[in-house]
Colleague: 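This is the structure I have questions about; it appears just below.
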Number of protein chains: 2
Amino acid sequence: MTAPRTPGRDVAVARGRRPGRSVGDDRESAILATAERLLQRRPFGEISVDELARGAGISRPTFYFYFPSKDAVLLTLLDRVTEEADAAACNVLDRLAEDPRSRWRELIARFHDTFGAHRAVVLACAEVRATNAEVRRLWARVLERWVQAVEAAVVAERRRGAAPDGLPARDLAIALNSMNERVWYATFAGDGPAIDERDVVDVLLELWLTCIYRTTDPARVG
Amino acid sequence: MTAPRTPGRDVAVARGRRPGRSVGDDRESAILATAERLLQRRPFGEISVDELARGAGISRPTFYFYFPSKDAVLLTLLDRVTEEADAAACNVLDRLAEDPRSRWRELIARFHDTFGAHRAVVLACAEVRATNAEVRRLWARVLERWVQAVEAAVVAERRRGAAPDGLPARDLAIALNSMNERVWYATFAGDGPAIDERDVVDVLLELWLTCIYRTTDPARVG
DNA sequence: GAGGTCAGTCAACACTGCGTCGACTGTAAT
DNA sequence: ATTACAGTCGACGCAGTGTTGACTGACCTC
């Protein structure tokens with residue numbers, strides 16, 4: 001579902017033929033690269049399958065040999081970005097008690113950097129999410145992971161007495177993640193009221209700390 | 001820009017002809033009603049101009065007599081909803097000092113009720129905002145008004161000593177409004193991690209109070 | 001080295017939805 | 001009666017999507 005369907009290569013691999021790189025691998029990469037390049041210039045909806053194909057040096061019908069649709073290309077791109085974000089954020093919350101403020105900042109900053117580096121893809125996904133159930137599902141799954149990670153961290157901080165009780169941890173985690181998502185979107189898209197890109201990490205950090213600890217300067221482990 | 005172009009009627013009115021309701025008024029309303037009705041069932045992108053026209057008892061070309069595009073219909077619908085929200089929220093922040101918690105709650109609850117009552121339109125706008133500059137502009141303008149109202153309220157609360165200093169009031173106002181928008185979207189759309197519709201007002205209220213006052217129980221006027 | 005298989009390719013087609021043009025009708029003011 | 005205009009729509013052109021069916025060339029197998 002998530003990965004692009006490349007029937008030919010799957011069959012080949014299954015039968016042990018063509019173990020090395022094939023023409024198809026290059027074409028597939030070329031399509032993905034073309035997509036990310038074109039997305040820097042203009043929105044996803046204004047890019048046609050034909051342009052994607054031409055950009056990769058193939059005809060439109062051939063495009064459909066590699067991807068079932070334009071959306072599937074974006075889905076693959078999104079998959080990579082979220083994997084990158086997951087990798088960057090991984091384990092950051094594990095040793096939260098040592099220095100809560102720095103850890104939370106690291107988490108937010110890493111997401112900011114990853115999304116910022118791939119803003120074209122992220123913005124395109126926000127655009128397509130509304131119309132494409134596949135993208136919606138993938139984003140929901142990814143978000144759910146992040147929500148659960150934050151929820152667990154909040155519960156742990158409360159248990160050790162660093163954070164006060166209050167809202168259900170899950171609701172808090174959903175709201176904070178939602179806030180980040182929308183704030184980053186506004187900042188990167190640049191339309192409507194937005195926080196300056198240079199300030200956004202610190203602003204979000206202050207709000208996270210305030211909501212979780214009710215102070216801007218949470219205590220270290222006692 | 002925002003209102004639908006109905007050239008015929010404007011001309012008529014300008015020359016003093018047809019002072020009463022014309023056929024055109026009915027058709028226009030019928031199109032809008034059809035749009036809002038169809039939106040309950042399925043997303044905006046899956047509704048064609050033809051359906052809108054048929055639903056209003058006219059042919060597709062005739063639709064274009066009333067609206068320049070499908071998006072313009074949604075724009076008109078959005079305009080009404082935001083006006084309703086503005087009206088509902090109007091003056092709520094004026095006498096904040098009397099009972100901050102209740103006032104903020106009223107503000108959030110009224111937005112919640114308005115958006116909830118027209119969730120189909122709101123969700124459709126979120127869908128189209130990505131591809132339609134007109135909708136984007138309108139939403140940005142509306143949001144800017146709300147951000148400024150909240151910013152002013154925060155400044156006032158700080159000035160009277162009820163709220164502590166901290167983040168720039170504008171950044172705070174942007175972040176809180178962004179949070180609400182995204183959280184409501186998730187709640188009403190029902191995909192991905194979301195806060196239960198019955199709890200969402202209270203969850204948002206707690207977070208607003210915490211972020212603005214660093215307490216859940218802000219003081220009344222001293 | 002003849003025949004088979006399969007990755008990879010694309011011209012041509014069918015389909016859907018958008019927006020426009022130009023011709024038409026009915027009503028009401030002059 | 002003529003003029004004017006709100007209101008209507010059949011028929012068109014256009015752009016983009018996704019599919020079909022036929023082709024090429026590499027390579028494997030006997």
Side-chain angles (χ1 to χ4, degrees), chain A residues 4-31 34-35 38 42-75 127-128 131-132 134, chain B residues 4-31 34-35 38 42-75 127-128 131-132 134:
Chain A
R5 295 282 69 222
T6 320
R9 212 167 69 264
D10 286 358
V11 172
V13 168
R15 301 194 183 173
R17 298 178 64 241
R18 294 268 182 96
R21 288 189 64 79
S22 64
V23 192
D25 288 314
D26 294 340
R27 296 279 189 245
E28 191 179 314
S29 310
I31 292 172
T34 302
L38 291 180
R42 60 187 191 289
F44 187 70
E46 287 176 19
I47 298 171
S48 71
V49 172
D50 200 61
E51 286 176 281
L52 253 28
R54 296 294 162 205
I58 55 178
S59 72
R60 205 167 57 81
T62 302
F63 167 92
Y64 288 100
F65 180 81
Y66 293 102
F67 293 94
S69 71
K70 202 173 68 161
D71 289 8
V73 176
L74 189 57
L75 206 59
E127 176 186 337
V128 168
T131 55
N132 183 296
E134 208 76 60
Chain B
R5 294 283 72 221
T6 322
R9 211 168 69 265
D10 286 358
V11 172
V13 167
R15 300 197 183 171
R17 298 178 63 241
R18 296 266 183 94
R21 289 189 62 80
S22 65
V23 193
D25 288 314
D26 294 340
R27 297 280 189 243
E28 192 178 312
S29 311
I31 292 172
T34 303
L38 291 180
R42 60 187 190 290
F44 187 70
E46 287 176 20
I47 298 171
S48 70
V49 172
D50 200 62
E51 286 176 282
L52 253 28
R54 297 291 162 209
I58 54 178
S59 71
R60 205 166 58 80
T62 301
F63 167 92
Y64 287 100
F65 180 81
Y66 294 101
F67 293 94
S69 70
K70 200 173 68 161
D71 288 8
V73 176
L74 189 57
L75 207 57
E127 176 186 336
V128 168
T131 54
N132 183 297
E134 209 75 60

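Every chain is numbered from 1, with letters handed out A, B, ... down the list of sequences.
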Colleague: Donor-acceptor pair, distance only, cut-off 3.5 Å: does the side chain of K70(A) make one with the backbone of L52(A)?
Modeller: no
Colleague: Write down the distance between CZ (F65(B)) and C1' (dC5(D)), rounded to a whole number of angstrom.
Modeller: 9 Å
Colleague: Rounded to the nearest 0.5 Å, what's the gap from CZ on F65(B) to CD1 on I58(B)? Could you check?
Modeller: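 So the gap between those two atoms works out to 10.0 Å.
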Colleague: From L74(B) CG over to N132(B) CG, what is the distance, rounded to the nearest 0.5 angstrom?
Modeller: 8.0 Å
Colleague: Tell me whether the side-chain N/O atoms of T62(A) come closer than 4.0 Å to OP1 or OP2 in dC10(C).
Modeller: yes
Colleague: Once rounded to the nearest 0.5 Å, what's the spacing between atom CZ of F44(A) and atom CG of L38(A)?
Modeller: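 Between atom CZ of F44(A) and atom CG of L38(A) there are 10.5 Å.
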Colleague: In whole angstroms, how far is the P atom of dA7(C) from the CD atom of E28(A)?
Modeller: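 These atoms are roughly 14 Å apart.
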Colleague: I need a per-nucleotide contact map over nucleotides 14-24 of chain C, read 5' to 3'. Cutoff is protein heavy atoms under 4.0 Å; write B for the base, S for backbone only, - otherwise.
Modeller: ----BBB----
Colleague: Could you tell me how far apart D26(A) (CG) and dA7(C) (P) are, to the nearest whole angstrom?
Modeller: 16 Å
Colleague: Can you check the D71(A) CG to dG18(D) C1' distance for me, whole Å?
Modeller: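 Distance check: D71(A) CG to dG18(D) C1' gives 13 Å.
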Colleague: Can you tell me if the side-chain N/O atoms of R27(B) get under 4.0 Å from OP1 or OP2 in dA6(D)?
Modeller: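 Checking R27(B) against dA6(D): no side-chain N or O falls below 4.0 Å of OP1 or OP2.
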Colleague: Rounded to whole Å, how long is the line connecting atom CD1 of I58(A) with atom C1' of dG8(C)?
Modeller: 10 Å
Colleague: Does the side chain of Y66(B) get closer than 4.0 angstrom to OP1 or OP2 of dT8(D) through an N or O atom?
Modeller: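 Yes.
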Colleague: For T62(B), which residues count as a side chain to side chain donor-acceptor pair (under 3.5 Å) partner, sequence neighbours excluded?
Modeller: S59(B)
Colleague: Under 3.5 Å, side chain of E127(B) to main-chain N/O of G45(B), donor-acceptor pair present?
Modeller: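 Judged by distance alone, yes, a pair lies under 3.5 Å.
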